[in-house]
Amino acid sequence: MKNLVYFWKRFMLPHLALFGLVICTGMIAAAASGAGVPFMVKYVFPVVFRGAGSATPELLTLFPSLQSLSPDALLFLACASMPAIFLVRGVAMWGNAVMVNILGIRILETLRMQVFCRVQELPIAFLESRRKGDVMSRILSDTSNVQNILTSVSNDLIKQPITALCSIGAFIFLLVSSGQGVLFLVNLIFIALAAWPIIEFGKRISQKSQRAQQGLGELNTAVQQNLENQREVRAYAMEKREIEEFRQVSNRLMTNIIKLVKYQKALVPVMEIVTALALAFLLVRGRMCGLTLTDFMAIAASLFFMFDSMKRAGTAWNRFNEAQGALNRLAEVMYEPNTIPQPENPRQLEGRAKGEIRFRNVSFGYEPEKPVLRDVDLTIPAGQIVGLVGPSGSGKTTFASLIPRFYEVSKGAVEVDGIDVRDLNTHDLREQLSLVGQQALLFAGTIRENIRLGRMNATDAEIMAAADSAAVTKFLGSQPQGIDTELGQGGAGLSGGQRQRVAIARAFVKDAPILILDEATASLDAESEREIQEELDKLAQGRTTLIVAHRFSTIRNAHRILVFDYGRIVGDGTHEELYASCPLYKELYDRQGIE
Ligand code: ADP
């Protein structure tokens, strides 16, 4: 319920006027069906069907002024009142449905945007702990489900109970006016009988729906992983295994949906059986008490509308429960505490940072009990080129990831130009940093657009200069539209080395004072590596550069080398110093020399 209140406040309140109209039209439609029809049967039909010499119909006693009308006019009025009521009902229902949809579409848009924006600001650790497909399904499918709740639930859960209340009011009035107290009491039991499946099924539907939504997330993940890794799938002939895995996930989803559907669809027949029982009882009782046909018909109509609206309210309640699952999954994203919050009063770097980096006694672990970096304490002066070496898993990448504040230190502080990164707006901090990773990440778009991502306001001349510095221009000739060649998703259409060059050009355009090269050439062949190394050396000039080194050749220009071992820095110096004093460094270096 807390989730519903939160979402209601956040997403419905901004559309209060529209929501008010939805409620008004819903109430008009509800009153027209719940009370209008039984009153037609009780008061208007007798005006039409009165026989010669029969008593004056109640309507004329209630409204004596009608008696002055001619019989034909009265008949016309009586006959016209039915379509009039249905006209009011129809127009109100139409307006209601259209506005509910507009409301729903607007809310879906806001909701989707807010969840997407939230995902952008949540710590990387949150996204790493979840599968991409699952996050995608939350953004796309769960939001759409929640939209259903907020609209259909808010509308139907208000409109249908009002209809039910109107028809219960009409029902009580009719029963009291025809002296049927017993019928009223017995029907209370039927009402209770009808309420039970609504509540019971609701609970089960909520559970089953959460499972179905989870299943949808798993299915998304399976599809996404499969599409992303098609090369591996084919190369290792994993198609059959993939199909089998997909079949299992898909079957699980199907089973969960079938369970859900069973409960969803049970409510209507159960409610109809209760309605039929109540009507049968009314027939028996009516016969025993000598109820007139008019009274019977009026009571039966109000009874029908009463149970019908209860049935509809129950169906809406079920849908609400069904979407509760989605709501809970969305709440996990919306309520997730931001472990990397923006400072309340951020400190400013004065213009471009100088690029001095300081680790003050830093410890960090991805999980609380497993430290990955321990008591790291050092200063990297502005403009220094530093190589990070050490066995795989020793913490080099983690060390570099703390500078852009991708993760929060557990102890100590990381400072840029003497300012704790936690006191800087993360956007300002990351402006001062370029990152070139192992796999160049390119987006679908032209080569020019991909370079411009480094700095959106870069001029074409600056982009061309960067392309030149990164030797992108060398291969532009072989591209159909040169720098305006469209790339596929992930930069498809370029070789690994070419992609890496575009990424380097992006870093040239950004021209940030701090540069992190995380095994930037590790995935390239020796030839490409040698070529790209030149561009990287050029890029590193004049910047504080951290090179997470896979091969020692990539740190030949480093002013200083840090040797990592089990999260500690066990060596810090130049190549010559370390080779003489650090056994681990010597061992790693010699091993590569032999290879
Ligand atoms: P290196 O760059 O020296 O190979 P990393 O910094 O990548 O080492 O990893 C250090 C340790 O942290 C390893 O034990 C690795 O398994 C773990 N690790 C790295 N990234 C994550 C992550 N995103 N979540 C959890 N553990 C991680």
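Values reported hereafter were calculated over all heavy atoms of this structure, with side chains retained and with hydrogens, waters and symmetry mates removed. Positions are given from 1 along the sequence. Numbering of ligands and ligand atoms starts at 1, following listing order.
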Among Asp484, Ile483, Ile463, find the one that has a side chain to side chain contact (heavy atoms under 4.5 Å, CB included) with Ile447. Ile483

Look up atom 22 (C) of ligand 1 and tell me if a protein heavy atom lies less than 4.0 Å from it? yes

Between Arg329 and Gln210, is there a donor-acceptor pair closer than 3.5 Å when you use the side chain of the first and the backbone of the second? no

Tell me the protein heavy atom at minimum distance from atom 2 (O) of ligand 1, and give that distance in Å. Thr397 OG1, 2.7 Å

Is there a heavy atom in Val548 that sits closer than 4.0 Å to ligand 1? no

Heavy-atom proximity to atom 12 (O) of ligand 1, best of Tyr566, Tyr366, Phe406: Tyr366

For atom 10 (C) of ligand 1, tell me which residue out of Ser401, Gly390, Gly393 has the closest non-hydrogen atom. Gly393

Ligand-side contact atoms (ligand 1) for residue partner Gly395, heavy atom cut-off under 4.0 Å: 1 (P), 3 (O), 6 (O), 8 (O), 10 (C)

Answer with yes or no whether the side chains of Gln533 and Asp537 bring together a donor and an acceptor at under 3.5 Å. yes

Taking the inter-plane angle between the rings of Phe364 and Tyr407 on a 0 to 90° scale, is it parallel (under 30°), tilted (30 to 60°) or perpendicular (over 60°)? tilted

What part of Thr398, side chain from CB on, backbone N/CA/C/O, both or neither, has a heavy atom under 4.0 Å from ligand 1? both

Using 0.5 Å steps for rounding, measure from the CD atom of Gln207 to the CG atom of Leu260. 11.0 Å

Got a sec: does the NZ of Lys354 have more than 12 other heavy atoms crowding it under 6.0 Å? no

For the rings on Tyr589 and His575, is their centre-to-centre separation under 6.0 Å? yes

The option among Glu128, Lys396, Lys370 carrying the non-hydrogen atom nearest to atom 3 (O) of ligand 1 is Lys396

Just distances here: any N/O of Glu367 and N/O of ligand 1 closer than 3.5 Å? no

So is there a nitrogen or oxygen of Val372 less than 3.5 Å from a nitrogen or oxygen in ligand 1? no

